[in-house]
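What follows is one structure encoded as structure tokens, with my remarks underneath.
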Amino acid sequence: MEFQDGLLRIESFLAVTIGILVLFVGKRLNERVRLLRELSIPEPVTGGLLFSVLFALLYAASGTVVEFELRARDVLLVYFFTTIGINARAADLLAGGRPFVILLALTIGFMFAQNLTGISVAALFDLPAAVGMLGGTVSLIGGHGTTIAWAPTIGEEYGIANAMEIGIASATFGLILASLMGGPIAQFLIKRHRLEPAQATAQEEIQEIGLTEQQEDTGIDHMDFLAAVLAIHVAIIFGYGLNESLAEFGLKLPLFVTCLFAGILLTNLVPGKLYGALRINWPSRTPAIALIADIALGTFLAMSLMSMQLWTLIDLAAPIFTILAAQFTLAVLVTIFVLYPMLGRTYDSAVVAAGFGGVTLGSTPTAMANMAAVTQRYGASHRAFIIVPLVSAFFIDIANALIIPFFLHNFG
């Protein structure tokens, strides 16, 4: 930890420790505040937003900026998506074919609508179309990473001096909106249409993320937990090798994407007899995997939210807030009146709807946290946890890389 000239820098290890503390606070608040549970607000969102507000108050009172080193946070993301791959069964992958195609098509269509919405609102305030793009897929579906990549180019080519500030602020506020909208939308759909999870076997009832009350009471055997850790690391090794191989052919993907695919391949293609010969019980859909996924995702999202510098949003002009309000309205309407009906009006559709809010306004981890909060309360939805990350963690980045220059060329 280092303090100099009003800047408090917190190094990586301590940042993870604080992230775990923030996750604990979020869990305790959700236990005590019924409304948070009723709305299926993810626990790391509760804690993360609370601490980001506290850091903003510290800045307002003393001018001290708290800045976290977040490199270790990305390791948690790799862990989490590896568990999702390990939980992926071939039957669910095949069953998710049609919903996957529908979700992918709708998401790509939504990306065009999101950019058109941003450009239209910017035009109302006589602002360049590029400003609308910064409040569109550049910052919302694209997130902070895409914003950082595109903002310098947009600022230089279109004469927007504060392009980076506009994009980062939009991405930050979008993350907050995404974290708050998914659970309430799913709850509304589930209660209004009286939806229930399909009947499942005992193993199929195990959540992808988090433990049921019964599992918390019975506990987890230490060998089961060790087997889960070993399987995750084996999958990450394969995922890292796959990532390096693809990079040699010019295809650069985030490490968590290739680790997700590695988990899927190991679960579905390696014969069960091989695991038996090695005296390893492959831990697909076990309480140990669900617990590790819960800790990894929760800590990742808690760190992401607690590190937001909310005071940077204060200087946003009215047009930017108007763009974000329009984008939020668009996401809610499309989710309820287009996505949910097209996916079949089922319980799985409602869970996907919770994730869709995270994808369109925030990030893939936000989408997964939204779905986790819903399924921990209402029941498992394995199909949702298969198709949402496949769409949001892989195909969307490719589509956005083509859509952004298309809009900038034709509307900028």
Side-chain angles (χ1 to χ4, degrees), residues 37-42 84-85 87-110 113 178-210 212 260 264 268 284-285 290 293 297 330-362 364 366-396:
R37 298 194 305 274
E38 288 289 330
L39 296 177
S40 297
I41 302 300
I84 296 300
N87 280 333
R89 299 288 183 80
D92 291 322
L93 291 171
L94 295 174
R98 182 173 178 273
F100 167 79
V101 173
I102 293 174
L103 179 61
L104 178 60
L106 280 175
T107 306
I108 292 176
F110 182 88
S179 300
L180 298 177
M181 72 174 285
I185 286 179
Q187 180 201 42
F188 166 75
L189 294 172
I190 290 170
K191 288 190 172 182
R192 179 172 182 177
H193 301 284
R194 299 178 181 178
L195 304 174
E196 294 182 356
Q199 293 295 323
T201 64
Q203 188 177 30
E204 288 174 339
E205 289 176 352
I206 294 176
Q207 310 288 343
E208 269 79 6
I209 306 173
T212 63
L260 168 69
I264 294 174
N268 293 282
S284 179
R285 292 185 188 172
L297 177 63
L330 175 68
V332 171
L333 294 176
V334 170
T335 301
I336 295 176
F337 296 108
V338 181
L339 176 72
Y340 172 71
M342 290 191 67
L343 287 179
R345 303 176 187 272
T346 63
Y347 174 76
D348 286 335
S349 305
V351 177
V352 172
F356 187 74
V359 172
T360 53
L361 294 178
T364 301
T366 306
M368 305 303 281
N370 286 348
M371 295 194 299
V374 173
T375 56
Q376 285 172 8
R377 181 180 181 193
Y378 295 103
S381 175
H382 300 303
R383 183 178 298 178
F385 279 90
I386 292 296
I387 64 174
V388 170
L390 285 178
V391 170
S392 62
F394 179 65
F395 290 98
I396 291 307

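Residue numbers start at 1 and run along the sequence shown. Computed from a predicted model, the values in this text were never measured in an experiment.
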As an exercise, state the distance from [atom1] of [X] to [atom2] of [Y], rounded to the nearest 0.5 Å.
X      : Y      : atom1 : atom2 : value
Thr107 : Ile102 : OG1   : CD1   : 11.0 Å
Arg383 : Leu103 : CZ    : CG    : 12.5 Å
Ile84  : Ile386 : CD1   : CD1   : 7.5 Å
Thr375 : Met368 : OG1   : CE    : 9.5 Å

| query | With a 4.5 Å limit on heavy-atom distance, are the side chains of Val359 and Val391 in contact? | reply |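 When only atoms from C-beta onward are counted, Val391 and Val359 do not touch, as no gap falls below 4.5 Å.
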Taking all non-hydrogen atoms of both residues, which atom of [X] and which atom of [Y] are closest, and how far apart?
X      : Y      : answer
Met181 : Leu361 : SD-CD1, 3.4 Å
Pro42  : Ala369 : CG-O, 3.6 Å
Leu339 : Ala353 : CD2-CA, 3.8 Å
Ile41  : Ala373 : C-CB, 4.4 Å
Asn370 : Ser179 : OD1-O, 3.6 Å
Thr360 : Gly357 : OG1-O, 3.4 Å

| request: List in chain and number order the residues that pass side chain to side chain donor-acceptor pair (under 3.5 Å) with Thr335, two or more places apart in sequence or in another chain; answer none if no residue qualifies. | output: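 Thr335 satisfies side chain to side chain donor-acceptor pair (under 3.5 Å) with no residue once adjacent residues are dropped.
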| task | Examine distances only and state if a side-chain atom of Ser349 and a backbone atom of Leu343 form a donor-acceptor pair shorter than 3.5 Å. | result |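 Confirmed, Ser349 side chain pairs with Leu343 backbone.
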| message | Considering only residues two or more places apart or on different chains, which pairs with a residue in residues 330-357 satisfy ring pair (Phe, Tyr, Trp, His ring centres under 6.0 Å)? | response |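 Output for this query lists Phe110-Phe356, His193-Tyr340.
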List the atom pairs, donor and acceptor, that lie under 3.5 Å between side-chain atoms in residues 182-190 and the rest of the protein, sequence neighbours left out.
{"residue": "Gln187", "atom": "NE2", "partner": "Glu38", "partner atom": "O", "Å": "2.3"}

